[in-house]
Amino acid sequence: MPVMDEFREEREAMKQKSFKERLLYFCDYYKWHVIGGVALLAFAISIIYSVTTRKEWAFYGAFINSYQTPQYNAFREDFAAYAEIDLKKFDVLLDTNIYITDSVFDPGNVDTMERLMVYIAAGDMDVMASGPSIINRYAYYDTFLDLRQLLPPEMQTQLEPYYYYMDMALAEEFDKLQQSGETGDVPPYPANPSDPESMENPVPVGLYIQDCPRIQEAFVFQEDDVILGVAGNATGTDAILAFISMIFEIED
């Protein structure tokens with residue numbers, strides 16, 4: 001019997017069956033098609049929803065090797081109010097889902113650092129906070145802004161005791177070694193980044209923030225010393241200044 005005739009007979013037979021029998025037949029023969037279709041539809045709806053509802057970042061901070069405390073959300077909302085950021089229109093992300101180890105053999109480091117470099121290159125990252133071992137790596141590869149170019153004179157005076165310095169002469173030496181491929185004998189970082197007198201060309205590119213009560217309130221870091229650096233290509237200077245003012249409790 002031709003296939004089409006068999007199909008017609010089966011269809012006519014189905015018409016004689018009860019609703020329950022037809023439903024069972026449908027479930028037996030088409031359930032995977034339905035499941036696959038529903039899953040595909042749900043995925044498409046999820047993507048569309050994410051794209052259409054995602055808010056532009058008004059502030060992005062990479063808080064490396066840190067954890068949020070239960071007061072994190074309150075801190076985030078306080079900062080948004082302090083910086084006059086409307087959270088209904090914009091987003092504030094203080095990203096604590098970034099972990100970098102000291103091991104060069106850790107494959108997770110590659111993915112994480114690539115993600116950070118994308119944010120930095122795109123100008124999405126405003127600030128980075130972490131311990132000296134991580135901050136040193138980025139500071140000496142020209143990631144952070146000279147704070148003297150950002151902070152008003154009165155803030156420079158108040159914050160100078162908290163400066164983290166990099167030696168620009170050493171950064172230039174690193175750069176030459178990298179370009180020549182001679183990276184076997186890399187010179188050590190300065191023993192005391194808070195002592196500009198020990199450096200040939202000191203540049204303040206970070207602030208020690210571990211003693212700021214507001215930071216302790218919202219974050220726990222893996223290292224005792226925590227440095228905040230400002231991305232060299234950051235454009236949201238008003239929000240950055242507001243963030244620094246809030247955590248150091250600097251009054252206008």
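What's counted below: heavy atoms across the whole structure, side chains too, no hydrogens, waters or symmetry copies.
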Got a donor-acceptor contact below 3.5 angstrom from the Gln156 side chain to the Leu151 backbone? yes
Is the ring pair Tyr67/Tyr99 parallel, tilted or perpendicular, if the boundaries are 30 and 60 degrees? tilted
Going by ring-ring contact (aromatic ring centres under 6.0 Å, His included), name the residues that satisfy it together with Tyr141, two or more places apart in sequence or in a different chain. none
Is there a donor-acceptor contact under 3.5 Å linking the side chains of Glu217 and Thr69? no
Counting neighbours of CD on Glu84 that are heavy atoms of other residues, nucleotides or ligands and sit closer than 6.0 Å, is the number greater than 12? no
Are Tyr162 and Tyr208 an aromatic pair, judged by ring center distance below 6.0 Å? no
Tell me whether Ile98 is reachable from Val220 by hopping between hydrophobic residues (I, L, V, M, F, W, Y) whose side-chain heavy atoms are closer than 4.5 Å. no
Is a donor from one side chain sitting under 3.5 angstrom from an acceptor on the other, for Asn201 and Tyr165? no
For residues Tyr189 and Phe174, establish whether the separation of their ring centroids is below 6.0 Å. yes
Out of curiosity, does Met117 fall in the hydrophobic cluster containing Tyr140 (side-chain heavy atoms, cut-off under 4.5 Å, transitive links)? yes
Member of Asp95, Asp126, Asp124 meeting the side-chain hydrogen bond (donor to acceptor under 3.5 Å, both in side chains) criterion with Tyr60: Asp95
Flag the pair Lys88 and Asp86 as a salt bridge only when some basic side-chain nitrogen lies within less than 4.0 angstrom of an acidic carboxylate oxygen. no
Using only atom types and a distance under 3.5 Å, with no angle test, would you say the side chain of Asn65 pairs donor to acceptor with the backbone of Ile100? yes
Please check this pair: side chain of Thr143 against backbone of Ala139, looking for a donor-acceptor N/O pair closer than 3.5 Å. no
